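The shown structure was predicted, so the numbers you read here are calculated from the model rather than taken from an experiment.
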Amino acid sequence: MKKLSRSVKFLVAAVVSVVILAVVLSTRGPSANELTFSELEDAISSGEIVEATILDSSHQVEGTLENGDLFTATFPEEATDEVFAELRAAEPEIALEVDAESGNLFVNLLLNLLPLLIIVGVFWFFLSSMQGGRGGMMGFGKAKTRKLSKDQPSVTFADVAGADEAVAELTEIRDFLADPERFAKIGARIPKGVLLFGPPGTGKTLLARAVAGEAGVPFFTISGSDFVEMFVGVGASRVRDLFQQAKDESPAIIFVDEIDAVGRHRGAGLGGGHDEREQTLNQLLVEMDGFDVSTGVILIAATNRPDILDPALLRPGRFDRQIVVDRPDLEGRKAIAEVHAKGKPLASDVSTDVIARRTPGFTGADMANLLNEAALLTAREGLATIGQRQIENAIDRVIAGPERKSRAMSDHEKSIIAYHEAGHAIVGHVLNGTNPIHKISIVSRGRALGWTLALPTEDKYLQTKSELNDTMAMLLGGRTAEELIFGDPTTGASDDIDRVASIARSMITEYGMSDALGPQRLGTGGGEVFLGKEQGGQADYSNELAAQIDEEATGLVEVAHTQARRVLETHRTVLDEMAAYLIEHETLDGETLEEMLGRTGHTKDTGTGHADLKHASSVQRIHDDRAETTNGSE
């Protein structure tokens, strides 16, 4: 039988309370007049009382007056005999009864305690609901785990794509859990803890579930934030309970997602640490250090921020193995696309190889979202199969955001954006150190009024000085085109200028690419004060050197600006043709784009390759290594 929801439980508790209150109140009957002892004696002597009942234990008299009203009166204990004699001798005769109240004591207590009982009951209910987990209110210290047993549908390594290195590392964990005796015979000790870290959406949780599915052992999962509650000491108690559950069913896997919620550096920050979180972390350290290899319990944790974890948590003996789960390469993206394409009707013109080349920098979650968006677009258009056009539209939607068809622009603004994007494209195509131009659009998406997409042709992990210079020139191509055509630049290049300034300063202070200053790092950078590090960036150079850095950065930007202007002046005709085409058709790609760029006399692959893409400088900041995309305006 399914468990009742909290709202249903609350409704049932409220109805029961109301019923009990109504039943108890109904026993009270109508209200009675309160008489003093002297008023009682006057009523007896005047013959106003018709019926009377003496409540012996409480020293009270209840009854009915001749006018039909009810009354009650309290008399002193020493006057009991006197009151009884007066009632017996009264004229006219009174119908008199004596009640020892043997059964009314409980009712009186219940009437007096009922409000308190209701308040306590409601408090108990809400507290139990708030705590949740096992045992309700009595389960403060019970870990709120979710257990995946052997009988449930399992995930295996076959369901994980694009993370071959991580899978290879975790294969040992699977083998140990499946056959621990083989390792014990040769004295091998399996890692007690495995830390999975990498960008969001790369499949860390999926990998942990795959280990459990492959080994066929119980899998306990809990979030790092589930340990910390409003009560001091609860987190440490839940850690103990979690490990005890796993030991009782060993061999087993404990998976803690977002462990940085409880495993942050102790004593960090300006105001000291968080006592409850630090106690929880201390207990976690004790439990991990107290592991017995023979118990067959392995802790797998995931985080996006390994840099903020406490050093004691990362040392060998606790997290012995640290596995990077990074964004997939070309083959990885292809495999992920094939996994998520299962069950989706793809048209004959769609290839997972093309999807992989078109989506450098995408994580597994991005690929899943991409194919889902394509399926939604297909269903919206009433088609039976997902075609290449839907795939392309879904990629644009994921990278740049949905189209903003409601954003109306004047013809003049549309012309400015067209020249801006054409300037980016021409400069990016002519210069050798930039990525091939794949697509240009002046259709408003997300925060951008227009955008130019450049896709690299190979996996790249390093950039040369000349490539950074050419990248700055491409970024300034839009602003330079506005100056060349209209003579009055707009605010549309603000994001491009911001990135250019960042690249120029990084080249000098971080990469040592300044001829005047040489290969040295200038400035320690800003540490995170809440991690107990530097309170801010500390300049380790003089004011004179700071002025020289500014001068060098300005020089790099000016060189890039001059280079972009020289390219656009040389290919002014192509710039006008491309802008005119964008004004009429709004989007430029494929063979038409290749033909127009070919008129510059330079040859470059039009972006059918693949690579880890650079920072998205325009549309929105999606990933640090996604597409080199420039925009017209924000």
**Report entry** Polar side-chain atom of Asp366 near backbone of Thr363 as donor-acceptor pair, under 3.5 Å
**Finding:** yes
Query - Polar side-chain atom of Arg240 near backbone of Gln283 as donor-acceptor pair, under 3.5 Å - result: no
Query raised in the report: When rounded to the nearest 0.5 angstrom, what is the spacing between CD1 in Ile336 and CD1 in Ile355?
Result: 12.0 Å
Requested in this report: Begin from the C-alpha positions of Ile391 and Leu377 and carry the test side-chain contact (heavy atoms from CB on, under 4.5 Å) through to its verdict.
Outcome: CA-CA 9 Å; Ile391 295 290; Leu377 290 173; over 6 Å; no
Query raised in the report: How long is the gap from CZ on Phe197 to OG1 on Thr202, to the nearest 0.5 Å?
Result: 10.5 Å
Requested in this report: Check the pair Glu510, Arg505 against side-chain contact (heavy atoms from CB on, under 4.5 Å), reporting the backbone distance first and the verdict last.
Outcome: CA-CA 8 Å; Glu510 296 181 37; Arg505 187 160 291 272; over 6 Å; no
Query raised in the report: Does the side chain of Phe219 come within less than 4.5 Å of Val211's, by heavy atoms?
Result: no
Report task. To the nearest 0.5 angstrom, please state how far the OG1 atom of Thr171 sits from the CD atom of Glu214. Result -> 8.0 Å
**Report entry** Reported CG-to-CG distance for the pair Leu330 and Asp353, which is rounded to 0.5 angstrom
**Finding:** 6.5 Å
Report summary line: Here the pair of heavy atoms bringing Thr385 nearest to Thr378 is O-CG2, 3.2 Å
**Report entry** Any donor-acceptor N/O pair, Arg333 side chain to Pro328 backbone, under 3.5 Å
**Finding:** yes
Query raised in the report: Looking at CZ of Phe220 and CG of Leu242, how far apart are the two atoms once the value is rounded to the nearest 0.5 Å?
Result: 8.0 Å
Query raised in the report: Of Leu313, Asp310, Ile308, which meets side-chain contact (heavy atoms from CB on, under 4.5 Å) against Asp260?
Result: Ile308
Requested in this report: Decide yes or no for Leu309 and Leu195: does some side-chain heavy atom of the first lie under 4.5 Å from some side-chain heavy atom of the second?
Outcome: yes
**Report entry** Heavy-atom closest contact (Ile259 atom, Ala301 atom, distance)
**Finding:** CD1-CB, 3.7 Å
Query - Partners passing side chain to side chain donor-acceptor pair (under 3.5 Å) against Asn304 (at least two apart in sequence or in another chain) - result: Lys204
Report task. Please step through side-chain contact (heavy atoms from CB on, under 4.5 Å) for the pair Ile323 and Leu196, ending with a clear verdict. Result -> CA-CA 5 Å; Ile323 301 175; Leu196 304 175; 3.8 Å; yes
Requested in this report: I would like to know whether Glu392 and Gln388 meet side-chain hydrogen bond (donor to acceptor under 3.5 Å, both in side chains); could you show each step before the answer?
Outcome: CA-CA 6 Å; Glu392 291 286 335; Gln388 185 62 32; 3.1 Å; yes
Query raised in the report: Are side-chain heavy atoms of Arg380 and Gln390 found at a separation under 4.5 Å?
Result: no
Query raised in the report: Of all heavy-atom pairs between Leu314 and Gln322, which one has the smallest distance, and what is that distance?
Result: O-NE2, 3.4 Å
Query raised in the report: Would you say the side chain of Leu455 lies within less than 4.5 Å of the side chain of Pro436, judging by non-hydrogen atoms?
Result: no
Query raised in the report: From His340 NE2 over to Asn369 CG, what is the distance, rounded to the nearest 0.5 angstrom?
Result: 10.0 Å
Report task. Report the C-alpha distance between Glu249 and Gln245 in whole Å, list the side-chain angles of each, state the deciding distance to 0.1 Å, and finish with yes or no for side-chain contact (heavy atoms from CB on, under 4.5 Å). Result -> CA-CA 7 Å; Glu249 300 194 35; Gln245 290 181 55; over 6 Å; no
**Report entry** Arg327 to Phe362 - nearest heavy-atom pair and separation
**Finding:** CB-O, 4.5 Å
Query raised in the report: With Arg182, which residues qualify under side chain to side chain donor-acceptor pair (under 3.5 Å), at least two apart?
Result: none
Query raised in the report: Who are the side chain to side chain donor-acceptor pair (under 3.5 Å) partners of Asp396, not counting sequence neighbours?
Result: Arg358, Lys439
Requested in this report: Determine yes or no for a side-chain-to-main-chain donor-acceptor pair under 3.5 angstrom, with Thr471 supplying the side chain and Glu467 the backbone.
Outcome: yes
Query raised in the report: Any side-chain heavy atom of Ile253 within less than 4.5 Å of one from Thr221?
Result: no
Report summary line: Shortest non-hydrogen pair, Gly387 vs Ala347, comes out as CA-CB, 3.9 Å
Report task. Search all heavy atoms of Leu207 against all heavy atoms of Leu170 and return the closest pair with its distance. Result -> CB-CD1, 3.9 Å
